[in-house]
Amino acid sequence: LVFHNGLLKSNAKGGKEMVRYFMGATGLKILAILVVVIGFFVADKQNATASTIAIIFNYLVFSVYEVVEAQKVIYKK
């Protein structure tokens with residue numbers, strides 16, 4: 001929800017601001033996921049692979065959802 005609200009606000013400011021916000025937020029999310037995955041590898045090496053696959057799958061599913069919703073907002077304008 002935080003991402004979506006920020007996207008709406010940045011879209012109102014203009015195209016360059018929206019692209020900057022989208023890329024920055026995506027980079028921060030990937031960095032956060034990387035930290036979580038490394039934490040799994042350090043904490044539980046036996047189940048780390050399964051956890052990593054589940055995290056990446058969830059990230060991809062929600063990324064597709066975010067892009068679809070972002071396109072609805074952008075092209076509505």
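Source: prediction; values computed, not measured. Numbering of residues begins at 1 and proceeds along the displayed sequence.
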With sequence neighbours excluded, residues passing side chain to side chain contact (heavy atoms under 4.5 Å, CB included) with [X]:
X	answer
S51	F40
Y59	T26, K29, I30, I33, S63
N47	D44

- Message: Starting from M23, can I reach V67 by hopping between I/L/V/M/F/W/Y residues whose side chains sit under 4.5 Å apart?
- Response: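 Both belong to a single hydrophobic cluster.
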
Point to revise | Connected via hydrophobic side-chain network under 4.5 Å: I55 and F41 | key: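 Same cluster.
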
Any side-chain heavy-atom pair of R20 and E17 under 4.5 Å =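 A side-chain contact under 4.5 Å exists here.
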
If you group Ile, Leu, Val, Met, Phe, Trp and Tyr whenever their side-chain heavy atoms sit less than 4.5 Å apart, what else falls in with I38?
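Its cluster mates, by chain and number, are L34, V42.
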
Discussion item. Clusters formed by hydrophobic residues whose side-chain heavy atoms approach within less than 4.5 Å: which one holds F57, and what are its other members?
Written reply: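 Members besides F57, by chain and number: V61.
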
